[in-house]
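Remarks on the structure that follows.
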Amino acid sequence: MRGITIGQYYQADSPLHLLDPRVKLLCTLAYIIILFFADNPYAYGLATIFAFAMVMISTVPVRMILRGMRAVLFLALITVLFNLFLTPGDVLVEFWIFTITRQGAQTAAMMALRLFLLVLASSVMTLTTTPNKLTDALERGMRPLKIFRVPVHEIAMMMSIALRFIPILSEETEKIMNAQMARGAAFDEGNVLKRAKSLIPLLVPLFVSSFRRAGDLALAMEARCYHGGKGRTRLHPLRYATRDVIAYLVFAAFLAGMIVVIRLF
Amino acid sequence: MAEAIVKTENLTYEYIRRDAEGNPEGVTTAVDHLSLDIAPGSFVAVVGRNGSGKSTFARHLNALLVPEESAVWIDGMDTRDSDKHLDIRMAAGMVFQNPDNQIIGQVVEEDVAFGPENMGVPTEEIRLRVDEALELLKLTDKRLDSPNRLSGGQKQRVSIAGVLAMRPRCIILDEPTAMLDPQGRAEVIRTAHRLNREEGITVILITHHMEEAVDADCIYVLDKGKIAMQGTPREVFARVEELKALRLSVPQVTYLAWLLRRRGVALPEAVLTVEELVNALVV
């Protein structure tokens, strides 16, 4: 578990990797939103072409991207089945109690594609952006929410501390498990209830040690002059470069294209 | 002598012991009327066994704990003045025991930058300080690594670099070697001495390993919150019997020399290194 990478960042030097994380975050968000407005095959065609172009530019191996897809396969299947069989309209095929309509087939195909593109877009973002940069982008991106007293800096700080401690805690979990197993605990025997019960001697020490770590960390942060986000500067401040402006322009062109296609057909 | 960088006057810290139900059982005095002066540029070791109050004492030097009645001055600043806490923490940096619980950044250089970032140092200046601190601690080639990939000794060096990037006048190391293997321990202690010698930074090393105190300019031995002994390592280690009564070990070679001396072998009062003992015996 040592040196485990959180998220699924794929190290490469593609233009997408170099982009400011805010660009990627904002564009992915806009892409997902516009997908929900897409209601004709042409719009989906355009969105698919754009998504695949991004995959090509990212230089991330397709196999890595497909791995992320597996998680939604089940969800996609259910969506497809429900839409396929339960949409009323012009009957295409009929057998036993099932009827497939033309509208049903169309919606099912579009839903599946929408889901697929959704995951694809967010995968490309997380594969080309380190969790660190993503947190930075979130902090900057959510800054307007400060007006509503949302503790933006604190949320971002918590996220990055969580990311830092996941590998440490998973290593600790393993240690405690081994210690309990050495004393005869069985974590993979019995029914669900028994298994859940066997987790108690694992979770209790893990919680206790997490709280102790949290206390230590708070002290260490305070000792290093941490006093919230006020007046804090950054080693790597987010600064837009020319390539980020170009990226925004390219994306704006795509967005305009999508809107035209959605309106026209 | 220049003005003391750390000065305490009758420093006392008490906490209330509670039983399982949370009812007060009694009062424990962790630090008991402790008064000391530490000169700028010196290397001071504070030793004592568990529960001697040494960690509680350390926390007062960084304004993590603030005395109620007595006083602590860091670089002339009174720690009771809460407006000065940030300045005090910039002047006196602190390194803790557990390396994993004090590294905040996910990348070595980002962790080193954490202190200066909090201080509001401009970006270009942070870059300079981080590079300088990493260079001093010989971590430049690790700057983009995840801290999880480093050894214990290296992690502790990252923690020291993080404090160094704040450009403190004084570094307090609170049992920095307690969780390290012998190699990591030597690495950290060597680094502390180098920073003291080459950069002129005052080092206060809190430890229960007496061997680590051998090269200090001055040793304070704490027991039950009081200073039980103080002096140069040679003065302190000459009092083997008293140290044993406090259940503190002395370095092996010192102990051996002491035993030999008791048996009538002509040896100086305190022998600190193997070399010294060999020289004294061979001549």
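Quick note on labels: first sequence line is chain A, next is B, and so on, each numbered from 1. Keep in mind that this is a model prediction, so the values were computed, not measured.
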Next item on the list: Could you check which of Met221(A), Arg224(A), Met157(A) has the highest count of heavy-atom pairs closer than 4.5 Å to chain B?
Entry: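 Option with the top pair count is Arg224(A).
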Check: When only pairs under 4.5 Å are counted, which of Arg212(A), Lys230(A), His227(A) shares the most heavy-atom pairs with chain B?
Finding: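 The answer is His227(A).
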Taking atom [atom1] of [X] as the centre, does the number of heavy atoms from other residues, nucleotides or ligands within less than 6.0 Å exceed 12?
X	atom1	result
Glu199(B)	CD	yes
Tyr240(A)	OH	yes
Glu154(A)	CD	yes
Asp13(A)	CG	no
Ile16(B)	CD1	no
Glu25(B)	CD	yes

Item checked: Test side-chain contact (heavy atoms from CB on, under 4.5 Å) applied to Phe96(B) and Leu219(A), step by step -> CA-CA 9 Å; Phe96(B) 296 86; Leu219(A) 216 56; 4.0 Å; yes
Notebook entry, point to check: Could you state the interatomic distance from CG (Leu163(A)) to OG (Ser146(B)), rounded to the nearest 0.5 Å?
Noted result: 11.0 Å
Checklist line | Reported CZ-to-OG1 distance for the pair Arg239(A) and Thr123(B), which is rounded to 0.5 angstrom | finding: 5.5 Å
Margin query: Let's go through Leu235(A) and Glu117(B) carefully: what are the C-alpha distance in whole Å and the side-chain angles of both, what is the deciding distance for side-chain contact (heavy atoms from CB on, under 4.5 Å) to 0.1 Å, and is it a yes or a no?
Written below: CA-CA 7 Å; Leu235(A) 171 64; Glu117(B) 284 181 342; 3.6 Å; yes
Less than 4.5 Å to any heavy atom of chain A: does that hold for the side chain of [X], its backbone, both, or neither?
X	answer
Arg59(B)	side chain
Asn62(B)	side chain
Val95(B)	neither
Pro168(B)	neither
Asp174(B)	neither

Next item on the list: Heavy atoms only: give me the nearest Met90(B)-Cys225(A) pair and the separation to one decimal.
Entry: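 Here Met90(B) and Cys225(A) meet closest at CG-SG, 3.9 Å.
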Contact winner vs chain A - [options], heavy-atom pairs under 4.5 Å:
options	answer
Val121(B), Val163(B), Ile103(B)	Ile103(B)
Met119(B), Glu110(B), Met94(B)	Glu110(B)
Met166(B), His85(B), Arg89(B), Glu124(B)	Arg89(B)

Should [X] and [Y] count as side-chain neighbours, where that means a heavy-atom distance under 4.5 Å?
X	Y	answer
Gln97(B)	Asp216(A)	no
Ile104(B)	Arg164(A)	no
Asn101(B)	Phe165(A)	yes

